Amino acid sequence: MISEKRFLQAGKHLMMGNEAMSEGAIAAGCTFFGGYPITPSTEVIEHLAKRLPEVGGVCMQMEDELASINAVMGASLVGAKAMTATSGPGLALMAETISMGANLEIPFVFCDVQRNGPGTGYVTEPHHNDIGFARFSGNGEFQIIALAPMNCQELYDLTITAFNFAEKYRCPVFLMSDAYLGHLHEVVDIPTREEILKKIIKRELPANTKGRVFSYKDPSTGEYVIPSPPIMGTEYCPGLFLHQPHGPDGLPTPKPIVFQEMLIEKITSKMDEISLTETYKLDDADIVIVSYGLPVRSSYRAVDIAREEGIKVGIFRLITVWPFPDEKVKVAVKDAKAVIVPELNYTGVIAEQVERVTKLETPVIKIPKVAEFHHPDDILKVIREVAK
Amino acid sequence: MSGVGPMYPNEKPEHPYLSKSYVGDLLGNYSSRFCAGCGYGIIAQIYTRVFEDEQLDPFLHPLVIGIGCYAQIMLLVHSKAQKILTLHGRAPAIATGMKMANPKMKPIIFSGDGDSMGIGGNHFIHLCRRNLDCVELVFNNSIYGMTGGQGAPTTLFGAKSSTTPYKMFENKADAVKIALAAGATYVARTTVAHPRTFMKYFKKALKHKGTSVIEIVTPCVTYFGRKNLDNLGFEGEEGSKMDTGGKMIEWIRRNSVRNNQAKFMTEEELFNKYVIGEFRYEPNKPEYADEYAKIQKIAMEGKK
């Protein structure tokens, strides 16, 4: 079905962020996109409406966000890799199905090109105000994975990673882009098709599916080994129990806690693989900047200037925002005099998480910005004050 | 999973199709979870019968079930049918995704009146508009049965329910008229009092390429029948009770008018009546998945 001919050629391409993400999805083997136009994510559906049919996929403009995410879930149920893209108000509408997707353990990728809120807000302005919402995006308790790219290259690469995470951990995976990043034009280095094919996890049926119940735990080690997602229209589809809460043995359970524990533990027990982080000049730093997404780019400049002035400051960057890597952050801020969290929102959702893992005496300084960039000077000013 | 275990292990099915039902096949238990007098058992049995007689390929006919009383139908339908219980009202959207991701499929959607006229009205309209190849069955019991008898968009004028304790005063939604206006290519209405007609329509819908909508009027004795008399509060008419399945099925039969008779009746005469029959059958209209395949072909060849 998938035509290999029309994939993007390897090499350097100038692309908009939203397009880079769309191309990343195509590279990862996405064959279904259901969406509804919403500023600032509209370019994704526009680009995919042209590109997906070329590679043998389907791009549908649905009647609303509720239908888009449900169509994505339906496509994923029959074995297609599927994704949708939206912004804050769309995420609010899709919350119901994200929760259902987590419950059914149906993998899909969800791109949130964040914009200012609440309500309709300033629609063309960036604002990382869905970070908290993404974590609790639906009724009930479940765990999602959220990735925060900071440039167009990462939008391409992390989309492939997001599809892999979705297939592997069978949960909704979020890509937290924003209005600036989505509309930013940058050069993206596309690897060759062979290299990409080596990276991606394909949707495959396990061997000997007939009449077999797949356990979620390795009996010898007790570790979670998540079986590949069931596909309707094949033998690998558990009759009635597809929507039934089940325990780690794969059989329906009357105890809600057993299912609840499995739903969260299957992801949080794999933190080593899921948690992607980066550091910059962190080894001898007294002052640690913890950040994610666009503010990291301003922080690099601020750190370089501060280092010239002799201030020991470094960056700890979260690529995987959720689940929050408690242990890694704890190690990074262990000896810090102060922690600075520049964030593109007012309340500081991640700053609160950082506060949770830092020592009581370590101050956590927020640099809130709403609907505008952090200028390196904004961060530098705080670094200088702290260093005094 | 209470009530699913083998309560009566020695019970023998009276009907050959009953042993094909999910719980019958799996546990040897032939009971259902529906109230006495409910019509969903009839629907499930007919589905199973058609599935068995027509030798439907379970891999190509996924059953997409919404939320409502009828969701328990999944325990009664054919054991081989692959089924997915979805969100309230979103079944048409999920079926759209399934059909487009695997165009060989022909999803069968089970939805209730609250599903397709209430919360999922938009999805229902757009499914019909696209003329996607699938069968949507709308079970209309004119009440929200699962939550305890609240008024539905299809509740008849003058009927009592727990959220319309005095009387229903809203106009009722008509699934057939909406489907016709939205562009479904096979539209029919029948009742559980006419099971053979339903079977005929269902078989026709399975062979039809395009969106088929069949509304099935079914009784809810527990929450509709017990609270209402069969005159539905109209003065001047003497009402009788509808508190058993037999009485309600009889009322549904009396309250239905055939399509060809309805043509000669005035609007007042048809008020609160169910017009049954086939309303549209257009087998040659373009179907969405086929049209999309043409688009894919154009795109792959690189033409603009």
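Protein chains get the first letters and strands the later ones, always in sequence-line order, with residue 1 at the start of each. Heavy-atom basis, side chains included; hydrogens, waters and symmetry copies ignored. Because the structure is a prediction, the values reported are computed rather than measured.
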| task | Check the pair M98(B) / F32(A) against side-chain contact (heavy atoms from CB on, under 4.5 Å), numbers first and verdict last. | result | CA-CA 10 Å; M98(B) 284 180 168; F32(A) 186 90; over 6 Å; no

| task | Could you go through the side-chain contact (heavy atoms from CB on, under 4.5 Å) check for N70(A) and L87(B) one step at a time? | result | CA-CA 9 Å; N70(A) 277 287; L87(B) 286 161; 4.0 Å; yes

| salt bridge (Lys or Arg N to Asp or Glu O under 4.0 Å) assessment of R90(B) paired with E96(A) | CA-CA 10 Å; R90(B) 317 283 172 232; E96(A) 178 198 30; 3.1 Å; yes

| Between E63(A) and H123(B), does a side-chain contact (heavy atoms from CB on, under 4.5 Å) hold up when you go through it step by step? | CA-CA 7 Å; E63(A) 58 267 20; H123(B) 307 311; 3.1 Å; yes

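Note on G79(A), C59(A), S68(A): by heavy-atom pairs under 4.5 Å with chain B, the leading option is C59(A). For the set A80(A), A82(A), P53(A), the count of heavy-atom pairs under 4.5 angstrom toward chain B peaks at P53(A). Between chain B and the residues T97(A), V78(A), I69(A), the most heavy-atom pairs under 4.5 angstrom are made by V78(A). Ranked by non-hydrogen atom pairs under 4.5 Å with chain A, the options G120(B), A101(B), A93(B), G89(B) are led by A93(B).
When atom types are taken as modelled, the side chain of Q82(B) and the backbone of T234(A) share a donor-acceptor pair closer than 3.5 angstrom. Q296(B) places a side-chain N or O within 3.5 Å of a backbone atom of G56(A) that can act as its donor or acceptor partner.
Sparse packing is recorded around NZ of K20(B), with 12 or fewer heavy atoms of other residues, nucleotides or ligands lying under 6.0 Å away. Atom CD of E141(A) has 12 or fewer neighbouring heavy atoms from other residues, nucleotides or ligands inside a 6.0 Å radius. Counting heavy atoms of neighbouring residues, nucleotides and ligands inside a 6.0 Å radius, atom NZ of K285(B) does not exceed 12 of them. Within 6.0 Å of NZ in K80(B) there are 12 or fewer heavy atoms belonging to other residues, nucleotides or ligands.
Contact annotation: the side chain of H126(B) never approaches that of M62(A) to less than 4.5 Å [non-hydrogen atoms, C-beta and beyond]. For the pair F59(B)/E235(A), a side-chain contact is recorded, criterion being any heavy-atom separation below 4.5 Å from C-beta on.
Heavy-atom distances place the side chain of R130(B), and not its backbone, under 4.5 Å from chain A. With a 4.5 Å cut-off on non-hydrogen atoms, L85(B) touches chain A through its backbone and its side chain both.
The distance from atom CE of M232(A) to atom CD1 of I94(B), rounded to the nearest 0.5 Å, is 9.5 Å. Note that OG1 of T86(B) is 9.0 Å distant from CG of L104(A), once rounded to the nearest 0.5 Å.
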